[in-house]
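Single-structure report; data block below.
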There are 2 protein chains.
Amino acid sequence: MGRAADRGPGRIGDWLVKIATLENGTRDGQLLILSEDGTTGRKAAAGSLIAALDGTGFDATGEAEAFDAAQCASPLPRAVQFLDASAYVNHVELVRKARKAEMPERFWTDPLMYQGASYFNGPTAPILGDPAWGIDFEAEIAVITGDVSMGASPEEAAGAIRFVMLLNDISLRNLIPDELSKGFGFVQSKPVNSCAPLAVTPEALPGWDGRKLNGIFRIDLNGAPFGRVEAGQDMTFDFGQLIAHAAKTRHLPAGTVIGSGTVSNKDADGGPGRPVADGGRGYACIAEQRMIETIQDGAPKTPFLQPGDRVEIWMEDENGQSIFGRIDQTVQAVGD
Amino acid sequence: MGRAADRGPGRIGDWLVKIATLENGTRDGQLLILSEDGTTGRKAAAGSLIAALDGTGFDATGEAEAFDAAQCASPLPRAVQFLDASAYVNHVELVRKARKAEMPERFWTDPLMYQGASYFNGPTAPILGDPAWGIDFEAEIAVITGDVSMGASPEEAAGAIRFVMLLNDISLRNLIPDELSKGFGFVQSKPVNSCAPLAVTPEALPGWDGRKLNGIFRIDLNGAPFGRVEAGQDMTFDFGQLIAHAAKTRHLPAGTVIGSGTVSNKDADGGPGRPVADGGRGYACIAEQRMIETIQDGAPKTPFLQPGDRVEIWMEDENGQSIFGRIDQTVQAVGD
């Protein structure tokens, strides 16, 4: 994929660069191959991204049209599966610390991963939920893979990464303890997520080091900076390792999405970090800010999301241009 | 779906009856609408089952062809998601009893459910694995839903069931304790499953009571009866309840598969059951027979699956005809 055979708009040299999926009334949407500057796009002959990944390929058809991110679904509205990790182990350590529980030493060597909902809402879809559920966001990096053989090595797995995207993993914090205590992982407590409108090939990302993405991940809550975390730091397991973990006992078909889990940095001094307002990098989810508050003050003070709250998630290149477009979601109470 | 508007072969009166999916080199396969007696089929104009469920419908096209189950993939090779429950709580109670652990009382009222791999191998695909993983089968009933709204009631959820099928949930027993102890549920320990070739509409199943399937579920291991369990008994949560549980915090798109979990009966006297060879109903997975052995003799004696072992799973109607066709899988060590 992406080699000279399918040159066209949206390539740098031999490479396909950015894609998006337009809402068109179908469940898989219309794949758009974007121009290098992201201002125009041409429709993919394959129809949808999943059809392109299935083997139909990325040939573009028709005239270039002005690109409007507001018309976008998530890049892959129906993935084949979504396996979400918790690769920033700092986050897990903080969760445990806040509830005064030991974190098993093996969490530094054996990735945490669960299977989540593999269909994604669009970048600006409302976050629908009951505020009593404790609605939270989690800013994550995610990758879309091609086919991965069962038993693939981390090297082979890293080579199967086709696109990188940003994902908001909605988490219902007040449902999690009860659900996890049953031992079967998340179902009700991890509903449908959204992705930023653009998916970008690893080769076109200057911050991509072959296994993970470097760069400042920006999260605003109600228009104020909430997180300016560094995606490439403190990622204990890279995407090669995560995909290989998922593929240990099964093949992963093209169209599999692997999530990093919420990005979480230690502070420069190795401490648990500080809010942006206090000069720190802030956090990629409310839960983490609450943990810090609990560790420092004995109790959390930042509430989870309430109806009307707005979450924005994006990354910028060195020129301040948005790389993936923007997740921009507002909370809406169920039934409203 | 299934009403007079799309009459044709494979209907009883107004109803669509049975479908299958032929392997055709694509990832979703070719949907086949079967005749009432299941001997012939016509191709669906929609192409695949997922396209038909998406809204394209079940119109047949072309001439009737002889139906050959050996050419079949699973009915829905790529589902939108697979949420697998553990609805026969007797099974969970036995697992706990074998390891001398209490089962929380709420397991009788709050369903256990995890998200599993949503792509399925064909009915006769080899079971690929390392025997050291402790490879086991689990005979389950599964349903394919249409669209289900977030917050649907069990009644509404039951009305969204489009097809019923049989599923072999492969479980890697020796990987489960370690994986579940991490708290995020199953990923590596529940690889890719297979389904029996036919999916049948609830309306066409005499044993369907609106919420669950009654009938003897037959499991043979290496040609000898291993289970003759009663699918309609001891199912603590029916499919309406299971689907509603899954839909509490999210909509379920058409093409969602919900599994019952391994069928598990108490004995007539309320006891934990006996092997078929001892006059009992036997078991729908090896683990359960091993638990009984552990409870009775202090240690299991039946080994998990070894390379060359053959598992057959099917159900019969009152005339001894197979209702869903047969899952017939042989174990193959990885690398062989």
Side-chain angles (χ1 to χ4, degrees), chain A residues 26-28 50-51 53-55 77-86 104 106-107 110-119 121 128-130 133 150-151 170 172 175 178-192 245-256 334-335, chain B residues 26-28 50-51 53-55 77-86 104 106-107 110-119 121 128-130 133 150-151 170 172 175 178-192 245-256 334-335:
Chain A
T26 68
R27 298 186 192 236
D28 295 314
I50 191 70
L53 288 166
D54 281 353
R78 279 198 301 195
V80 173
Q81 64 187 331
F82 171 46
L83 289 158
D84 197 17
S86 196
R106 64 193 254 256
F107 282 15
D110 181 17
L112 279 171
M113 185 176 281
Y114 71 95
Q115 184 141 334
S118 51
Y119 44 107
N121 288 332
L128 274 178
D130 180 339
W133 294 340
M150 177 171 159
I170 306 296
L172 305 175
L175 303 186
D178 203 44
E179 190 160 49
L180 287 196
S181 76
K182 294 196 288 178
F184 273 31
F186 308 95
V187 176
Q188 293 180 335
S189 49
K190 292 272 190 180
V192 183
H245 180 87
K248 181 183 171 184
T249 61
R250 53 166 136 165
H251 71 283
L252 309 178
T256 291
V334 270
Chain B
T26 69
R27 298 187 193 234
D28 295 315
I50 192 69
L53 288 166
D54 280 353
R78 276 198 304 194
V80 172
Q81 63 186 331
F82 171 46
L83 290 158
D84 197 17
S86 196
R106 65 193 252 255
F107 283 15
D110 181 19
L112 280 171
M113 185 177 280
Y114 72 94
Q115 185 141 332
S118 51
Y119 44 107
N121 288 331
L128 274 179
D130 180 339
W133 294 340
M150 177 170 158
I170 305 296
L172 305 176
L175 304 186
D178 204 44
E179 189 160 51
L180 287 196
S181 76
K182 294 195 288 178
F184 272 30
F186 308 95
V187 176
Q188 294 180 336
S189 49
K190 293 272 189 180
V192 184
H245 180 86
K248 181 182 173 184
T249 61
R250 53 168 138 166
H251 71 282
L252 308 178
T256 291
V334 270

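In what follows, chains are A, B, ... by sequence order, proteins preceding strands, each numbered from 1.
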How far apart are the C-alpha atoms of B/His251 and A/Tyr119, what are their side-chain angles, what is the distance that settles it, and do they pass the side chain to side chain contact (heavy atoms under 4.5 Å, CB included) test? CA-CA 10 Å; B/His251 71 282; A/Tyr119 44 107; 3.7 Å; yes
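- Residue contact with chain A, scored on non-hydrogen atoms closer than 4.5 Å, is absent for B/Ile170.
- For the options B/Pro253, B/Gly129, B/Ser189, heavy-atom pairs under 4.5 Å to chain A are most numerous at B/Pro253.
- B/Arg27 has its side chain out of reach of A/Ile50: every pair of non-hydrogen atoms, C-beta onward, lies at least 4.5 Å apart.
- In this structure, the side chain of B/Gln188 engages the main chain of A/His245 through a donor-acceptor pair within 3.5 Å.
- By number of non-hydrogen pairs under 4.5 angstrom with chain B, the leading residue of A/Gly55, A/Ala247, A/Gly183, A/Ser86 is A/Gly183.
- A/Ala254 and A/Leu53 make their closest contact through CB-O, 3.7 Å (heavy atoms, listed as atom of the first residue, atom of the second, distance).
- Expressed to the nearest 0.5 Å, how far CG of B/Leu172 lies from CZ of A/Arg250 amounts to 10.0 Å.
- For A/Asp110, the parts lying under 4.5 angstrom from a heavy atom of chain B are both the backbone and the side chain.
- The candidate from A/Arg106, A/Gln81, A/Met150, A/Met113 with the greatest count of non-hydrogen atom pairs under 4.5 Å with chain B is A/Arg106.
- Ranked by non-hydrogen atom pairs under 4.5 Å with chain A, the options B/Thr249, B/Val192, B/Leu175, B/Asp28 are led by B/Thr249.
- Within the 4.5 angstrom heavy-atom criterion, atoms from both the backbone and the side chain of B/Asp178 approach chain A.
- Heavy-atom distances place the backbone of B/Pro111, and not its side chain, under 4.5 Å from chain A.
- Side chain of B/Gln115 to backbone of A/Phe186: no donor-acceptor contact under 3.5 angstrom is found.
- Across all their heavy atoms, B/Val334 and B/Asp130 have their closest contact at CG2-N, 3.8 Å.
- Counting heavy-atom pairs under 4.5 Å between each of A/Leu180, A/Asp84, A/Thr26, A/Asp54 and chain B puts A/Asp54 at the top.
- Top candidate by heavy-atom pairs under 4.5 Å with chain A, chosen from B/Ala117, B/Ser118, B/Pro104, is B/Ala117.
- Looking at every heavy atom in both residues, A/Ala79 comes nearest to A/Gly255 through CB-O, 3.4 Å.
- Note on A/Lys182, A/Lys190, A/Lys248: by heavy-atom pairs under 4.5 Å with chain B, the leading option is A/Lys182.
- Heavy atoms of B/Phe82 lying under 4.5 Å from chain A are absent altogether.
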